[in-house]
Peer 1: 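Dumping the structure here so I can ask a few things about it.
Throughout, protein chains are lettered first and strands after them, A, B, ... in sequence-line order, and every chain is numbered starting at 1.
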Amino acid sequence: MSDLVKVTLPDGSQKEAARGISVLDFVKVHIGAGLAKAAYFAKLDGQPVDLTRAIDADARLEVVTTRSPEALEVARHDAAHVMASVVQQLFPGTQVTIGPSIDDGFYYDFAREKPFTPEDLERIEAATNAAVKADHPFLREEVSMEAALALFEGQGEKYKVEIIRDIAAKGARTLTLYRHGGWVDFCLGPHGPSTGRIGVVKLTSVAGAYWRGDSRNAMLQRIYGTAFFDKKALDAHLARLEEVKKRDHRKLGPALGLFAFHEYAPGSPFWLPAGTTLFNVLQEAMRRLVNRNGYQEVKTPLLFNKRLWEMSGHWGPYKKNMFLVVDSESDETLPLDERCSFSLKPMNCPSHHLIYKMGRRSYRELPLRYYTTDALHRNEASGSLGGLTRVRQFEQDDSHIYLMESQIAAEVRRIVDLMKIVYGAFGLQFSLMFSTRPPNPADRIGDDTLWDKAEGALQAALEQIGLPWQLNAGDGAFYGPKIDFTVTDSLGRQWQTCTIQLDYAAPERFDLTYVGDDNAEHRPVVIHRAIYGSFERFIAILTEHYAGAFPAWLAPLQARVVTVSERFVDWGRAVAERLTARGWRIDLDDSNDKLGAKIRNSELAKIPFTLVVGEKEAGAQAVSPRRHGGEDLKTMPLDAFVELMSREATPPY
RNA sequence: GCCGACAUAGCUCAGUUGGCAGAGCAGCUGAUUCGUAAUCAGCAGGUCCUCAGUUCAAAUCUGAGUGUCGGCUCCA
C-alpha cells in the first residue's frame with residue numbers, strides 16, 4: 001500500500017498527498033491558505049466530514065466555505081451545541097435532548113420543569129455569544145455504544161440514553177461524540193472548526209414541544225434561535241422578518257377592511273365589504289375559467305346525516321375533525337354522541353358522489369367534472385388556529401372529476417394547464433410534490449393493490465407533464481396519493497395551495513359505476529382537485545404577496561377620485577359615476593381635506609389609482625391619475641383612462 | 001388539545017408601590033377651498049377581555065374561563 005493518497009478536486013484535477021493527512025492540512029498545503037481559512041467543513045466522496053478528518057484513501061474532496069448555505073446550516077447546528085452547553089451551565093439539572101438546525105436557524109429541546117422566561121433567553125443569548133467568542137475547538141471522537149451509554153447514563157441524561165438505545169437498535173456499533181469547552185454531546189456531525197467561527201447567535205423564542213412530537217410524551221422546553229457568520233447578515237435577516245411582519249395578512253386584512261375575526265366564532269372569518277369584493281372577484285374569475293373548461297357548478301347541502309360519513313369513511317379517524325350536530329327531535333335520554341346524527345360537511349367529495357349516483361352514467365359523459373365552492377367546516381384544534389391560514393370554516397374552489405383510468409394522464413395535464421393560467425396571473429411560481437400512501441395502514445383506506453394502481457397512475461401522469469417534481473413519501477391523503485403544488489411568493493416564502501388527489505377508494509365505497517362501450521359496468525376513478533385551495537388561505541397568500549397593494553383587477557376599490565377643492569366636485573362626481581357605470585369599483589373623496597391629505601389617505605388604503613380632479617381637468621374632461629406608490633401618469637382625457645382601466649382592471653382569466 | 005406569552009378608546013400605545021383611566025392617529029362639529037403622503041380649532045369616545053376572590057380601595061394582586069400570538073420531529 002502506497003503511503004500516498006490521490007485526491008480529486010471538484011474541477012477534476014488530482015493531487016497526491018501523504019496518507020492520513022487532515023483535510024485542513026491538505027487544503028493548506030496543496031490548495032491554498034485562503035481556502036483553508038474560509039473552509040468550514042468538507043465532503044469526502046460526497047460525505048460531509050470535519051476539517052480535522054484524516055484522508056486515508058483516494059477520494060474526491062469538496063471544501064465547503066462560509067459562503068455556502070450548507071456551511072451556515074452546520075454553523076447553526078454548532079450554535080445549538082454551544083447554546084445547550086450554556087443552558088446546562090446556567091440552569092443545572094436541565095437535560096438535553098436534540099437540537100437540529102432548521103430552515104432559518106436552529107432549536108434545542110430541553111427537559112426542565114420550569115419553562116424558560118424571556119429574561120432567561122436574554123441571559124442565555126449573552127452567555128452563548130460569550131462562549132462563541134471563547135473560540136473552543138470542536139473535537140470529534142468515536143466511542144463504542146457501551147462507552148457512550150455509560151457516559152450519558154452517568155450524567156443522568158435520560159433522553160440521550162433513550163436516543164442511544166434507538167441508534168443501537170438500528171445496528172450502529174459506535175457513536176460519534178463532539179466536545180467543545182469541556183461539554184459533550186453526540187452527533188453525526190460534521191461541525192465547524194471551533195465555536196469562534198459561528199459568528200453571531202440570536203435567540204428568537206421559547207416554546208413547548210413534545211418529546212418526539214407526540215402529545216402523549218413529556219413536554220419539553222424548546223429554544224429557537226438563529227446564527228449568522230456576521231452581524232450584517234443577521235441584520236438583513238431581522239429586516240426581512242420585519243418586512244414579513246408588515247405584510248402579515250392578519251394585520252393588513254382588518255386594516256384594509258378585508259376580514260375580521262370575533263371571539264364568538266373562533267377560526268371563522270367575517271368577510272367585510274372590501275374583502276367580500278376581493279373574494280367575489282376571485283370566485284367569479286374561477287367560475288368563468290372552469291365553466292369554459294368543461295366543469296359544471298353544483299351546490300350541495302351543508303348538513304348531512306352521519307350515514308353519508310359512514311359510507312365515505314370520514315366517520316372513522318376523521319370524525320374528531322367534524323362538527324357534529326344534535327338533531328333536536330332525537331331522544332333526549334340518549335347519550336350525546338348518539339343524538340348527533342348529523343354533521344356539517346368537512347369536504348365536498350361525498351356529496352358530489354351522491355350526485356354522480358343519481359343517474360346511470362355512460363362512458364360518453366366522462367370525464368364528468370363537478371365544481372363547488374360551498375362552505376366547509378372542520379374542527380381544527382383550538383391551538384392550531386391562526387389568521388386565514390388555519391380556519392374552521394372555509395370555501396374551496398373544489399372539484400371532483402369522474403373518469404376512466406385511461407383518461408387520468410390527460411386530465412391531470414388539463415388541470416395543470418389551468419394552474420399555469422391562474423398562478424401566472426399573480427406572478428406566483430409553483431413546484432410539484434408527489435405524496436404517496438401514509439405508512440401506517442390504520443391511517444388509510446383501501447388495500448395495497450388499489451394504492452399501487454393509484455400511485456402508478458399519478459406518477460405516470462406526472463412524468464408526461466414534464467415539470468420537475470419531488471417525492472414526498474407517506475404524505476398522501478387517507479384515500480389516495482396526491483400531487484401538491486407549492487407556490488413561492490414575492491418574499492420567497494413557500495405555501496402549499498392546490499392539490500390533485502387520485503381516489504380509487506371512494507368509487508368502491510360509493511359503488512360508483514359507468515357503462516362502458518362494451519355495455520358492461522365499470523368503476524370510474526375520482527380526481528379531487530382545487531386550484532386556489534381554499535379562498536381564505538389563497539387570499540391570505542395574495543395579501544402578503546402583494547403587501548395589500550392588489551393589482552387593479554383584484555383591488556376591492558380600483559380607483560378613487562379626489563377633488564382639489566369643492567369647486568370641482570361636479571366633475572369629480574361625473575368621473576366617478578361614468579367609471580362606476582362601466583362596472584369598475586370607484587369612490588369619490590369630496591371631503592374638504594387638502595389634496596395632500598387625500599392623496600395620503602388613498603395611498604394608505606393602497607388603492608391602485610388616485611384620480612386628481614381640479615381646474616385643469618374639469619375644463620378638459622380629463623383626470624390626472626396617480627398609481628399607488630406615486631407614479632404620476634399626467635393629465636389625460638377621461639376616455640384615455642377608461643382605455644387604461646380596460647387593460648389593467650379586467651380579470652385576466 | 002398541550003406548553004409559554006399577551007389582552008387598556010376604532011388603531012398604535014402610556015399608565016409609578018394597589019389610590020380620580022391618558023396621549024397620538026382615526027371619528028364628529030366648525031372654520032379653511034387648498035394641485036400629488038398629514039390645515040387649524042373644538043368636541044366626543046372606556047364592561048381596562050369575562051367571571052369570581054383578596055383589599056377601605058383592583059387596569060394593577062390571586063384563581064378560573066375566553067380569545068389572540070409563538071410553538072408542539074426539518075428527528076444524534
Peer 1: Would you indicate what A:R212 reaches in the nucleic acid, counting non-hydrogen atoms under 4.0 angstrom: base, sugar-phosphate, or nothing?
Peer 2: base

Peer 1: Among B:U39, B:C72, B:G35, which is the nearest nucleotide to the side chain of A:E615?
Peer 2: B:G35

Peer 1: Report yes or no: does A:S343 contribute a side-chain atom to a donor-acceptor pair with the main-chain N or O of A:M322 at less than 3.5 Å?
Peer 2: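 A pair under 3.5 Å: no.
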
Peer 1: Measure the distance from CH2 on A:W211 to P on B:A76 and round it to the nearest whole Å.
Peer 2: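 Going from A:W211 (CH2) to B:A76 (P), I get 10 Å.
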
Peer 1: Once you apply a heavy-atom cut-off of 4.0 Å, does A:G387 come out as touching a base, just sugar-phosphate, or nothing?
Peer 2: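 The answer is sugar-phosphate, as A:G387 gets under 4.0 Å only of primed atoms, P, OP1 or OP2.
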
Peer 1: How are the rings of A:F138 and A:H81 set to each other: parallel, tilted or perpendicular (split at 30° and 60°)?
Peer 2: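 Perpendicular.
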
Peer 1: Starting at atom NZ of A:K114, determine the distance to atom C1' of B:C3, rounded to an integer number of angstrom.
Peer 2: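 Result: 15 Å.
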
Peer 1: Nearest-nucleotide wise, let me know which of A:T635 and A:L188 is further upstream toward the 5' end of RNA chain B.
Peer 2: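 In this pair, the answer is A:T635.
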
Peer 1: Once you apply a heavy-atom cut-off of 4.0 Å, does A:D103 come out as touching a base, just sugar-phosphate, or nothing?
Peer 2: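 Base contact.
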
Peer 1: In terms of side-chain heavy atoms of A:V564, which of B:G35, B:G70, B:G67 is nearest?
Peer 2: B:G35

Peer 1: Base, sugar-phosphate, or nothing: which does A:L220 touch, judged by heavy atoms less than 4.0 Å apart?
Peer 2: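 No contact.
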
Peer 1: Which part of the nucleic acid does A:A381 contact within heavy-atom distance under 4.0 Å: base, sugar-phosphate only, or nothing?
Peer 2: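 Here A:A381 touches the bases of the nucleic acid.
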
Peer 1: Determine the contact category for A:G614: base if any of its heavy atoms lies under 4.0 Å from a base atom, sugar-phosphate if only primed atoms, P, OP1 or OP2 are that close, otherwise nothing.
Peer 2: base

Peer 1: CZ of A:F106 versus C1' of B:A76: gap in Å, rounded?
Peer 2: 17 Å

Peer 1: Students often get this wrong, so: under 4.0 angstrom with heavy atoms, is A:K616 touching a base, only sugar-phosphate, or nothing?
Peer 2: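 Base contact.
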
Peer 1: Closest approach to the side chain of A:A207, judged atom by atom: which nucleotide of B:G71, B:C34, B:A76 is it?
Peer 2: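 Of the options given, the side chain of A:A207 lies nearest B:G71.
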
Peer 1: May I ask you to say what A:A209 touches in the nucleic acid, namely base, sugar-phosphate or nothing, with a heavy-atom cut-off under 4.0 Å?
Peer 2: sugar-phosphate

Peer 1: Rounded to whole Å, please give me the gap between CG in A:D109 and P in B:C74.
Peer 2: 11 Å

Peer 1: Report the nucleotide, chosen from B:G71, B:A76, B:C72, that has the shortest atom-to-atom distance to any side-chain atom of A:S384.
Peer 2: B:C72

Peer 1: Side chain of A:I98: nearest nucleotide among B:G70, B:U33, B:C75?
Peer 2: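 Looking only at heavy atoms from C-beta outward on A:I98, the closest nucleotide is B:C75.
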
Peer 1: Between A:D489 and A:W495, is there a side-chain donor-acceptor contact under 3.5 Å, judged purely by atom types and distance?
Peer 2: yes

Peer 1: Which part of the nucleic acid does A:T563 contact within heavy-atom distance under 4.0 Å: base, sugar-phosphate only, or nothing?
Peer 2: nothing

Peer 1: Quick one: label A:F261 by what it contacts on the DNA or RNA (base, sugar-phosphate, nothing), any heavy atom closer than 4.0 Å.
Peer 2: nothing

Peer 1: Hey, does the side chain of A:E157 reach the backbone of A:V96 with a donor-acceptor pair shorter than 3.5 angstrom?
Peer 2: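 A pair under 3.5 Å: yes.
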
Peer 1: Heavy atoms only, 4.0 Å cut-off, all strands: where does A:G630 land among base, sugar-phosphate and nothing?
Peer 2: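 Result for A:G630 = nothing.
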
Peer 1: Scan every strand shown for a Watson-Crick or G-U wobble partner of B:G4, both distances under 3.5 Å, and answer none if you come up empty.
Peer 2: B:C69

Peer 1: Decide yes or no on ring-ring contact (aromatic ring centres under 6.0 Å, His included) for A:F152 and A:F186, but give the supporting numbers first.
Peer 2: CA-CA 10 Å; A:F152 287 98; A:F186 59 87; 5.2 Å; yes

Peer 1: Taking for each residue the nucleotide of RNA chain B with the nearest heavy atom, is it A:M219 or A:R567 whose nucleotide lies nearer the 5' end?
Peer 2: A:M219

Peer 1: Given B:C72, B:C74, B:U36, identify the nucleotide with an atom nearest to the side chain of A:V612.
Peer 2: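 When the side chain of A:V612 is considered, B:U36 is the closest of B:C72, B:C74, B:U36.
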
Peer 1: Counting only distance, no hydrogens or angles, is the base of B:G35 paired donor-acceptor with the side chain of A:E617 under 3.5 Å?
Peer 2: yes

Peer 1: Shortest non-hydrogen contact from A:G476 to A:S435?
Peer 2: N-CB, 3.6 Å

Peer 1: Name the nucleic acid region contacted by A:K251, choosing base, sugar-phosphate or nothing; use a 4.0 angstrom heavy-atom cut-off, strictly under.
Peer 2: sugar-phosphate

Peer 1: Of the listed nucleotides (B:G35, B:A76, B:C34), which one gets closest to any side-chain atom of A:K594?
Peer 2: B:C34

